[in-house]
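Computed from heavy atoms alone, side chains included, the values below leave out hydrogens, waters and symmetry copies.
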Amino acid sequence: FRFFVFMSRVNDKFWELFRRFSFLDLSHVTMSSYFKLAVGGLIAAGAAFLMTNQSESLDSAVEEAETNAGEPEEEEEDENIWLEEVTSERSLEWVEEQSRKVKARWKADEGELHDRILKVLNSKDKIPYVSKRGKYYYNLWKDADHVRGLYRRTTLESYRSETPDWETVFDLDAYNEADEGGKNKWVWKGTTLLDEGVGVEPSRVLLNLSKGGADAVVIREFDLVSKEFVDENGFYLSEAKTRASFKDRDTLLVGTEFDGEDSLTDSGYPRIVKEWKRGTPLSEAKTVFEGEKKDVSVGGYYYRDHDSYYEYYSRAITFYTSEHFFRIGSDLVKLLVPEDVEVETFADQLLFSLRSDWGKYTAGSLMSVPFAKFLEEQNNIDVIDDLEEHITVLFEPSDERSLTGNAQTKNCIVLEVLDNVLSKIFVWSYDHETQSFTFEDELQGDEEASIESVSVSAIDRDEGDNLWMYSSSYNIPSTVSIVSALAEQPKEVIKQLPHYYDAEDVKVEQHEAVSLDGTVIRYFMVYKGDKPRNTPTILYGYGGFEISLTPHYGAVTGIGWIEKGFVYCVANIRGGGEYGPKWHQAALKQNRHKAYEDFEAVGQDLIKRGITTAAKLGCYGGSNGGLLVGNMLVRSSSMFGAIVCAVPLLDMKRYNKLLAGASWMGEYGNPDIPEEWEYIKGFSPYHMFSAESAYCPILFTTSTRDDRVHPGHARKMAMRMISNGFENTTHYYENTEGGHAGSSTNDQVAYAKTLEYMFLYTYLDKE
């Protein structure tokens, strides 16, 4: 349930998945809300924190992309629209030619840098992050011998040891080779658990596999006891952007692309949820919930929360607005809450996260109310204030503090809070008999780090109140500890990364810049040795979808950049979530330019302070961050010496017609409405490009298998620049697999990161 609440709005957040706690520094791969995702099973126990050619037959998303790639309106002639045809011979010939040039110029698959990065990625010393299911702790492991992944499990006693005894559950590499000789290039996308109650050892999961890393998955039922697929009457769902969960052992709630039905939204996600019984054809499944074609998505989930069972359905109207329904008896009851309220449960309580003010309660607050009391009174109240005596405010924001997530144990809700972008963890205990919360205390993170990121997730909320605590900082390797939310017992460090790069005398500082409208913008600066002067510097940013950028240990950044005496900076610009919903909303739609002004202000501050120069300042961003740095190219190219633009949005006139683009109109606006296109075209790099302007060198990267952000964005922008005289400084590389992450295997990640650094060395490391 919590997974769906998150995913109904946050499909683009996967760009930022796991960055925060990853020992890698895929700045496009973070972990800002791990526990929310893990509950839903998309990132299974083993895949947590590690997920960073063309298949024989095209998946539905690629077919959709080519269907959408029609002729534009006459007044919007696009000479490069043919590059939206993802797998056409002409397009792939162009892709191959551009990628060949990049490979010839930078030998990113060899040399000391590549080898060190790959060694880190394949290191046996990586933290094997786990998730508890029954008596076992599950992990997805990748290394040189297990390129695609080994799903495995162990016991807690063994996990505590330096060399745990792992039992293999599923070998994805072996499966990949056995299935058509590896043609499908299967990528792990996690599992969805059958939860049959306290004391029942989990035995079944839905295993999610993707061809080449696409968002679309094939789902097969898997037996954790026999460690084999359930072939006899087992559940199987063909490739689609499917959402499925167990209602019971023989029933699934499924949203997918049903044959012969208009079952997808304009965004390409499920519009219909059906109840599917084991042993019957999917075509006979009964429709139990529907949304509208223009919605982002719908979903249905049956789940256990402590001693309560819920059947929940959600209709995501836009990226930030939803309707919520619970089955009460035979009736489907809609919660009468504002559409932008995020809804969760905790035992017999409803939790409301506010994105705007609701009565006396301010945006950014988290509040609880007894589920039964709210249902009893919701038709009788004018505003939520009428239920004040039954409400507990668990968190109220301030100008400096925002809530980024929560973990739920047996008797506690544990809050993740940012205080000026620095982590704090607070605990509330719950008395199940009196249905009341009591504030307990703050949990402490790593005592060595003054600037760090700390997150928590419940180990087993049926058993007790112990938590996994994940601590990380730019210069201190990530740590996994066990802590108690309630008991006064010392923190037990379970796993810690070694130092993968020379972090001696590496300093982490937080600075402030002032944006064009006077808003203070904070940013992190990481460097080695004395205060840098006129030093090559990377400025990273994202600025969208309420994603917060927090400190993390980046071994790859350390090896490729910080060790060399260069400077690495992260900008906490508007559009992100560092200061709550209002910080995000300040850069929506017609105010998008404020995110770009914030980023420019940080760049200007670095130059003004003498840290770097315009010729030595580079910027990097991916996905929405690719749109950010694409705007830097066309708005303020003279401020930068080089730009890395990964899996980006760039054509904002057609973004809503390509793949999942329609789901992001709540963030950017609708370009088909003339009044909205008037402001959107002001941050559409593809349309802001001018052949008469000067542009700094740029590297575009994307993936043929990206079925979230269409590779046509990067292709067309590169082509427009190359065909207008910028062929010597415009570089383009496209991986044939990898999905929106850009890479599927550690070898591909090593190549991509090496390429990025070699490109930046070429243009920024000059005397």
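Note: Tyr430 and Phe437 have tilted aromatic rings, judged against thresholds of 30 and 60 degrees for the angle between ring planes. Using bins of under 30°, 30° to 60° and over 60° for the plane-to-plane angle, the ring pair Tyr151/Trp188 lands in the tilted bin. Using bins of under 30°, 30° to 60° and over 60° for the plane-to-plane angle, the ring pair Tyr159/Trp166 lands in the perpendicular bin.
For the pair Ser548 and Glu578, the tightest heavy-atom approach, listed with the atom from each and the gap, is OG-N, 3.2 Å. Heavy-atom minimum distance, Phe566 versus Pro536: CB-O, 3.4 Å.
When atom types are taken as modelled, the side chain of Asp143 and the backbone of His146 share a donor-acceptor pair closer than 3.5 angstrom. With Thr762 contributing its side chain and Leu760 its backbone, the two residues share no donor-acceptor pair below 3.5 Å. The main-chain N or O of Glu440 is never found under 3.5 Å from a side-chain atom of Trp428 such that the two would form a donor-acceptor pair. With hydrogens and angles ignored, the 3.5 Å screen pairs a side-chain donor or acceptor of Trp583 with a backbone N or O of Ile573.
Cation-pi geometry between Lys564 and Tyr761 is met: the NZ or CZ atom falls under 6.0 Å from the ring centre, inside 45° of the normal.
Side chain to side chain, Ser123 and Tyr500 meet the donor-acceptor criterion of an N or O pair below 3.5 Å. If you check the side chains of Arg133 and Thr191, you find a donor sitting under 3.5 Å from an acceptor.
Considering NE2 of His499 and CG of Leu497, their distance stands at 10.0 Å, rounded to 0.5 Å.
Checked against ring pair (Phe, Tyr, Trp, His ring centres under 6.0 Å), Tyr596 has no partners two or more places apart in sequence or in another chain.
A salt bridge links Glu756 with Lys753: at least one charged nitrogen is closer than 4.0 Å to a carboxylate oxygen.
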